[in-house]
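Values below: every heavy atom of this structure, side chains too, minus hydrogens, waters and symmetry copies. The first residue in the sequence is number 1, and the count goes up from there.
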Amino acid sequence: MRLHRNLVYTTIDSLNAVFNEGEYADKVVARALKKDKRWGSSDRKFVAETIYEVVRWKRLYAEIAEVKEPFNREDLWRMFSVWAVLRGYPIPDWRQLEGTPERKIKGRFDELSKIRKMRESIPDWMDDLGVKELGEALWTKEIAAQNQPAKVILRVNTLKTTKENLHSLLMDLNIETEFLKDQPDALVLKERANVFLTDAFKEGMFEVQDASSQLVAAFLDVQPGMRVVDTCAGAGGKTLHMASLMQNKGQLIAMDLYESKLKQLKLRAKRNGAFNIEYRIIDSTKVIKKLHEKADRVLIDAPCSGLGVLKRNPDAKWKLQPEFIDNIKKVQAEVLENYSKIVKPGGKLVYATCSILPSENQEQIKRFLTTETGKSFTFVKETKILAQETGFDGFYMALLERKKEI
């Protein structure tokens with residue numbers, strides 16, 4: 001087990017892009033992996049995992065390395081050396097790693113690991129907010145679970161294949177998957193692999209979608225032949241799942257503020273063989289008003305803090321700001337107020353977020369049900385998913401039913 005100079009240099013360049021140039025880690029990793037076509041799977045794995053690890057543990061490593069933001073290249077090397085020592089790599093005699101204080105690093109790690117915000121490597125404000133909303137014991141467990149790397153979960157596209165068939169096809173490519181109890185469309189990868197290069201992906205047999213996210217479409221109880229509206233469709237992971245559950249029968253309207261996201265969804269839908277989807281950009285209030293009381297089912301996959309998906313987006317810990325959370329709660333309330341009017345009497349609505357904060361979830365629903373619009377709905381049920389309980393993303397879903405007119 002030794003460090004290779006070209007892989008480490010790429011890692012340092014990538015960390016500079018994330019920490020100093022404001023780029024998103026997933027985009028930086030994707031670019032880094034294209035750098036050298038000669039790299040094998042273990043090289044690519046090293047680069048991707050190391051970038052994510054240092055991003056995930058930024059505060060802890062910076063504290064141990066005694067460096068402060070903005071990080072210069074020397075600081076990044078010092079943080080990298082902390083990662084290498086804690087992972088048990090022998091330190092090579094490179095100029096940038098000269099004088100790495102191995103014993104001191106291990107001692108500082110033991111010492112700082114006693115303090116939760118250091119051990120879990122999060123900003124002070126996030127630690128305070130987590131305790132305030134979830135309580136000390138629950139937050140301690142949840143933030144530890146959120147720091148575990150996310151598993152890769154596939155959602156089988158039942159318009160094109162079955163779970164058993166896809167499992168066999170991938171097995172032939174030496175990609176091992178496991179079924180997931182109580183989730184009919186999910187396959188879990190035993191080890192990370194670049195599944196996007198497979199013919200099965202190119203032919204639209206599956207999408208990559210976390211297990212928690214896969215629960216939303218079923219929770220909404222969509223059926224073939226219905227008129228369903230996905231009001232915050234984005235790039236459309238849940239839209240595509242609903243299309244498959246509807247067996248391409250009925251009308252599925254995918255809406256979003258951003259045309260670029262809907263363009264992405266169109267490409268995915270074509271690959272998936274999902275052809276009952278219509279696309280509408282929300283460029284005025286008229287777009288919503290035209291649909292008032294017209295839909296059997298409405299999904300509001302609301303914008304949120306994303307504090308349930310830190311596993312897969314560790315850089316969100318550093319990009320997220322407390323004022324963003326205050327503002328997003330106002331957006332959530334507006335979205336509930338406006339988009340709920342699309343549900344017809346007797347129809348159903350799901351409000352979902354990938355947040356674990358009650359103030360973005362059950363408290364939003366409670367408040368909505370006291371408003372004039374909300375009074376025409378009945379609360380049916382809710383599901384709260386925590387990473388510490390499932391190992392998957394943190395999620396929330398509430399199912400409401402619009403009262404039938406008398």
Exactly one candidate in E120, E63, E69, E53 meets salt bridge (charged side-chain N to carboxylate O under 4.0 Å, His left out) with K58; the answer is E69
4.5 Å side-chain heavy-atom contact, L310 and N147:
no
Euclidean distance, I342 CD1 relative to L299 CG, rounded to 0.5 Å:
11.0 Å
Can you check whether T158 reaches Q247 side chain to side chain, under 4.5 Å on heavy atoms?
no
Give the ring-plane orientation class for F80 versus W77, where under 30° counts as parallel, over 60° as perpendicular and anything between as tilted.
perpendicular
Backbone of K290 reached by a side-chain donor or acceptor of K294 within 3.5 Å
yes
How many angstroms lie between CG in L159 and CG in N248, if you round to the nearest 0.5 Å?
5.0 Å
Should the heavy atoms of other residues, nucleotides or ligands under 6.0 Å from NZ of K160 be counted, would the total exceed 12?
yes
Can you name the closest pair of heavy atoms from K381 and F379 and give their distance?
C-CZ, 3.6 Å
Between L15 and M79, is there a side-chain heavy-atom distance shorter than 4.5 Å?
no
How close do V216 and A352 get, counting heavy atoms only, and between which atoms?
CG1-CB, 4.3 Å
Taking all non-hydrogen atoms of both residues, which atom of I51 and which atom of T11 are closest, and how far apart?
CG1-CG2, 4.0 Å
Show, in sequence, the C-alpha distance, side-chain angles and deciding distance for K344 and D296, and conclude whether the salt bridge (charged side-chain N to carboxylate O under 4.0 Å, His left out) test is met.
CA-CA 6 Å; K344 71 183 190 188; D296 299 293; 2.8 Å; yes
Just checking, any donor-acceptor pair under 3.5 angstrom between side chains of D221 and Q223?
yes
Would you tell me whether Q364 and Y351 have side-chain atoms, one donor and one acceptor, within less than 3.5 Å of each other?
no
Using a distance-only test with no angle check, is there a side-chain donor-acceptor pair under 3.5 angstrom linking H241 and D185?
yes
Within the 4.5 Å heavy-atom criterion, are Y52 and D315 side-chain neighbours or not?
no
Can you name the closest pair of heavy atoms from R268 and A235 and give their distance?
NH1-O, 2.8 Å
Between R116 and V131, is any pair of side-chain heavy atoms under 4.5 Å apart?
yes
Tell me whether K163 forms a cation-pi arrangement with F179, defined as NZ or CZ under 6.0 Å from the six-membered ring centre and within 45 degrees of its axis.
yes
Can you say whether the rings of F377 and F368 are parallel (under 30°), tilted (30 to 60°) or perpendicular (over 60°)?
tilted
Ignoring hydrogens, what is the shortest heavy-atom contact between F324 and C304? Give both atom names and the distance.
CE2-O, 3.7 Å
For E360 and T353, which I'm curious about, is there any donor-acceptor pair between the side chains at under 3.5 Å?
no
Side chains of V195 and L189 in contact at under 4.5 Å (non-hydrogen atoms):
yes
Can you run down the salt bridge (charged side-chain N to carboxylate O under 4.0 Å, His left out) pairs that involve residues 228-241, sequence neighbours left out, and say none if there aren't any?
K238-D301
Does any non-hydrogen side-chain atom of I153 lie less than 4.5 Å from one of F392?
yes
Are the side chains of S121 and K317 in touch, meaning some heavy atoms are under 4.5 Å apart?
yes
Take E207 and N272 through the test side-chain hydrogen bond (donor to acceptor under 3.5 Å, both in side chains) and record every step on the way to the result.
CA-CA 9 Å; E207 291 287 334; N272 275 244; 2.7 Å; yes
What class does the angle between the rings of F201 and F196 fall in, given that below 30° is parallel, 30 to 60° is tilted and above 60° is perpendicular?
perpendicular
Looking only at side-chain N and O atoms, does Q251 offer a donor or acceptor that is under 3.5 Å from a partner on N276?
no
Are the aromatic ring centres of W318 and F71 under 6.0 angstrom apart?
no
State which residues pass salt bridge (charged side-chain N to carboxylate O under 4.0 Å, His left out) with E334; sequence neighbours excluded, sorted by chain then number.
none
